[in-house]
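Below, all heavy atoms of this structure are taken into account, side chains as well, without hydrogens, waters or symmetry copies. Order of the sequence lines fixes the chain letters, A, B, ..., with proteins taken first and strands second; residue numbering starts at 1 for each chain.
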Amino acid sequence: MHNLIDLLEQKHLVWRGRDKKTVADLAGFSSKSGYATLDEKLEGGLPQCGVVSLSSTCGIGELRLLIPTMLSKKRLHVFINPPGYLSAEFLHHQGFDLNLIFVINTKQKNDALWSAEQCLKSGACSTVLLWQNHIEVHQVKRLQLASENGACLQFLLRSTQRSNFSLPVTLSMELAPHHLGIETTITKRKGGWPLQAFTVDMSAYWPSLTQRPPDNLIPFPTVKASNS
Amino acid sequence: MTLWLYLHFPSLQLNTLFCDQDEQAIIIVDGRGNQVVQLNPKAAESGIRTGMGLGTAASFCRDLQVHAYDPKCEQAKLLEIAHWLYLVTSDISLSEPNGLLLKVTNMLTLYQGLDSYWQTLRQHLAPLQVEYYFATAYSPLASRLLARAGWNQIIEDRKKLRAELSKRPLFETELSDKQLNKLSRVGVKTLHDLLSLPMADITKRFDIELVNYIGHLTGQFHPSIDFHQPPEQFNRYLELLFEIENLQYLHKPLFKLLEQLEAFLKVRDQLTHELAITLHQRSGDTHALSATSAEGEYLAQKWFSLFELRFESVKLTAPIRGITLSAKRLVSRSLTRGAETFDLFDGKRGNTAPLELVSILQAKLGQNAVRGVSLTDDPRPHLSTQYSSPLSSEQPSLLPSSRQHSPPIMVNKTLLRPSILLPKPRPLKEKVAIIQGPERLATGWWDDSPMIRDYFIARSDKGCWLWIFRTPKQHWFVHGVFS
């Protein structure tokens with residue numbers, strides 16, 4: 001019996017889930033996210049390529065979570081259909097080379113997917129960020145293939161709506177607000193189990209956008225100041 | 001004496017038509033004389049000969065395709081051939097409507113002999129797929145005479161050339177009917193007869209034109225010849241055999257034109273940034289299309305895929321008769337391609353360069369859908385970001401000084417700015433807690449949109465980080481999110 005498993009393992013027909021080296025190799029979760037907790041939980045970091053789906057409400061810091069990863073890459077960063085104007089000041093403060101950034105705004109939904117695919121497979125980009133809520137399984141598969149082709153990481157930013165089927169992505173995270181940063185739940189990852197919610201502490205990068213002691217809050221004026 | 005080579009293209013217009021010439025009998029008829037002037041092998045098979053009337057030709061073949069003779073079309077093609085040949089031989093003179101005269105003597109040192117010169121020329125002509133006759137001689141007129149007769153020989157031997165020339169009957173020469181008549185009356189039927197007459201006798205008996213002709217033919221008189229200098233640009237027209245209504249069918253002829261462009265650019269080591277296509281419609285209207293490649297490209301395949309994308313958004317109103325392809329800007333390839341570098345260890349991933357990617361995206365989505373981001377020194381948040389043309393500063397720096405002149409934009413790094421600005425500030429409607437602020441911006445007095453705002457960083461109850469501001473009238477707005 002034992003011999004049989006050894007034999008199957010040698011022939012790579014049986015794969016040991018606990019074998020950390022294999023997990024890291026398989027999906028390439030080796031791109032440091034910049035946040036120690038996240039790297040530790042993902043046993044290495046974010047994937048090198050593939051589709052990473054992030055679902056969150058807009059504005060809790062989902063983009064800031066990705067900034068250190070993006071900064072570590074040297075090729076183009078493409079933003080497709082961001083929910084507003086991308087601020088050059090912000091990107092400049094973060095240390096981005098603005099020449100490496102471009103924004104695509106499309107009128108039709110399929111154009112957005114098409115441009116994402118083109119960017120991914122071109123090999124000229126290192127990350128592609130796509131804001132799109134509805135995406136289908138075969139479309140994700142195409143993006144997945146293109147991303148492997150061009151060694152490019154695709155972030156799919158969606159609002160929090162639970163879809164009833166799971167998408168074939170490399171990594172899927174649900175993000176919730178937390179006063180120290182972001183509460184992250186890994187709902188799916190290649191070569192590993194889903195993980196319970198944990199907190200990613202962002203205070204090192206964004207001291208002003210975290211609330212350490214919740215007691216120094218200034219209450220928002222409920223009574224409108226008189227104009228007199 | 002200089003040696004001349006004459007190329008005679010008997011069916012030039014036929015060769016310019018885009019079609020499979022073997023399937024159907026095609027003739028080209030000159031409307032004025034109602035004569036068949038050109039025909040393809042299939043038409044010849046069915047018994048049609050040049051010089052026949054249209055009615056006679058039609059009676060030989062049932063499904064005959066007839067085209068009107070168009071001298072302009074031939075001229076254009078002749079120019080095209082001349083431009084193409086200019087790459088391998090220097091002195092070319094156009095002999096309209098369907099001949100080219102090349103000065104051989106000057107090229108012999110370069111090509112080390114007539115044979116290798118001719119080999120090069122032939123190989124160079126082959127891809128054009130045109131039918132031609134050729135002949136060499138020691139005078140332009142003689143070479144033209146021999147080529148038109150279809151002699152098809154390349155030799156240097158003076159005696160042989162003279163003998164061959166002598167054999168030619170007089171009606172093949174370019175003498176007028178009147179002169180021919182006069183000559184035949186005195187029993188001169190071939191060139192041999194004419195050339196054996198003493199020059200003094202001819203001068204006494206005939207007019208000066210004949211003397212001139214003989215002098216030019218034998219090479220004793222030196223003709224004045226204008227040599228053609230091709231311009232450095234690409235502009236070709238392709239006449240379609242069928243009227244095309246579906247853009248899908250246009251792909252093949254377009255690709256043919258693009259291949260010509262590729263050959264044109266390749267031998268010059270050049271790239272082009274912009275191509276314009278004009279579709280000539282039956283109604284007489286033209287439809288212009290253009291595709292740009294920010295990086296510069298010469299490969300037919302790459303341009304083709306750009307045009308395929310452009311075609312998706314084109315609607316035809318009438319069938320197309322012809323296409324013109326012209327290249328807008330030509331640049332030397334070594335100038336642009338040098339800047340591209342690939343990391344040795346990362347390897348070359350994918351095979352699209354950034355500028356090329358931008359061209360692909362812009363071809364489909366439009367110029368304004370793909371934008372780069374640039375920073376301005378305006379302190380007003382909504383003006384400090386400007387969407388510009390993508391990768392603009394990555395383009396080959398033709399004017400490196402221009403960038404150095406503009407001073408670097410000073411940015412206060414201690415100010416925290418939201419990653420995403422709303423297109424238009426929206427009124428604050430939710431309950432928020434102010435975390436940081438205020439930061440007062442009272443600026444913009446120099447133009448028509450001054451503003452006074454107090455900006456705060458706030459966190460909403462839902463956990464969103466917002467950038468909000470208060471106007472002097474105590475109205476609150478959300479301007480951005482710290483996404």
Next item on the list: Give the member of B:R371, B:H382, B:Q436 that has the highest number of heavy-atom pairs under 4.5 Å with chain A.
Entry: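 Ranked by contacts with chain A, first place is B:R371.
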Give the minimum heavy-atom separation between [X] and [Y], together with the two atoms involved.
X: B:G463; Y: A:I60; value: O-CG2, 3.5 Å
X: B:W465; Y: A:L209; value: CZ2-O, 2.7 Å
X: A:L86; Y: B:Y387; value: N-OH, 2.9 Å
X: B:V481; Y: A:C58; value: CG2-SG, 4.2 Å
X: B:P423; Y: A:G84; value: CD-CA, 4.1 Å
X: A:H92; Y: B:L375; value: CG-CD2, 3.7 Å

Check: Taking every heavy-atom pair that is under 4.5 Å apart, which of A:V78, A:I104, A:D111, A:V103 has the most such pairs with chain B?
Finding: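 Looking at each of A:V78, A:I104, A:D111, A:V103 in turn, A:V103 comes out on top.
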Margin query: Let's test your reading of the structure: which of A:R64, A:Q108, A:K74 forms the most heavy-atom pairs below 4.5 Å with chain B?
Written below: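 When all of A:R64, A:Q108, A:K74 are compared, A:R64 has the most.
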If you count every heavy atom of other residues, nucleotides or ligands that lies below 6.0 Å from [X] atom [atom1], does the total exceed 12?
X: B:L299; atom1: CG; answer: yes
X: A:R142; atom1: CZ; answer: no
X: A:Q196; atom1: CD; answer: no
X: A:K73; atom1: NZ; answer: yes
X: B:Y455; atom1: OH; answer: yes
X: B:E439; atom1: CD; answer: yes
X: B:W445; atom1: CH2; answer: no
X: B:K462; atom1: NZ; answer: no

First locate atom [atom1] of [X], then atom [atom2] of [Y], and finally report the distance between them rounded to the nearest 0.5 Å.
X: A:S208; Y: B:F482; atom1: OG; atom2: CZ; answer: 8.5 Å
X: B:R417; Y: A:L91; atom1: CZ; atom2: CG; answer: 13.5 Å
X: A:F79; Y: B:S419; atom1: CZ; atom2: OG; answer: 8.5 Å
X: A:E89; Y: B:L416; atom1: CD; atom2: CG; answer: 10.5 Å

Notebook entry, point to check: Where on A:C119 is there a heavy atom nearer than 4.5 Å to chain B: the side chain, the backbone, both, or neither?
Noted result: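 Contact with chain B involves both backbone and side-chain atoms of A:C119.
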Notebook entry, point to check: Tell me, side chain or backbone of A:T106 under 4.5 Å from chain B's heavy atoms, or both, or neither?
Noted result: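 A:T106 touches chain B through side-chain heavy atoms alone.
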Margin query: Would the distance check show the side chain of B:T385 and the main-chain N or O of A:A88 forming a donor-acceptor pair, the cut-off being under 3.5 Å?
Written below: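 Yes; at least one donor-acceptor contact below 3.5 Å.
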Next item on the list: Would you please go through residues 362-369 of chain B and name the residues with a non-hydrogen atom below 4.5 Å from one of chain A, in numerical order?
Entry: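 Residues in range: B:K364, B:L365, B:A369.
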Next item on the list: Assess whether side-chain contact (heavy atoms from CB on, under 4.5 Å) is satisfied between A:W114 and B:L361, documenting all intermediate values.
Entry: CA-CA 9 Å; A:W114 176 84; B:L361 293 170; 3.8 Å; yes
Is chain A contacted by the side chain of [X], its backbone, both, or neither, given a heavy-atom distance below 4.5 Å?
X: B:K424; value: neither
X: B:I360; value: both
X: B:F456; value: neither

Next item on the list: Kindly write out the residues that satisfy side chain to side chain donor-acceptor pair (under 3.5 Å) with B:S374, not counting sequence neighbours, or none if the list is empty.
Entry: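 Per chain and number, B:S374 pairs via side chain to side chain donor-acceptor pair (under 3.5 Å) with no residue.
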Item checked: Trace of the side-chain contact (heavy atoms from CB on, under 4.5 Å) decision for B:I420 with A:F90 -> CA-CA 8 Å; B:I420 288 174; A:F90 167 79; over 6 Å; no
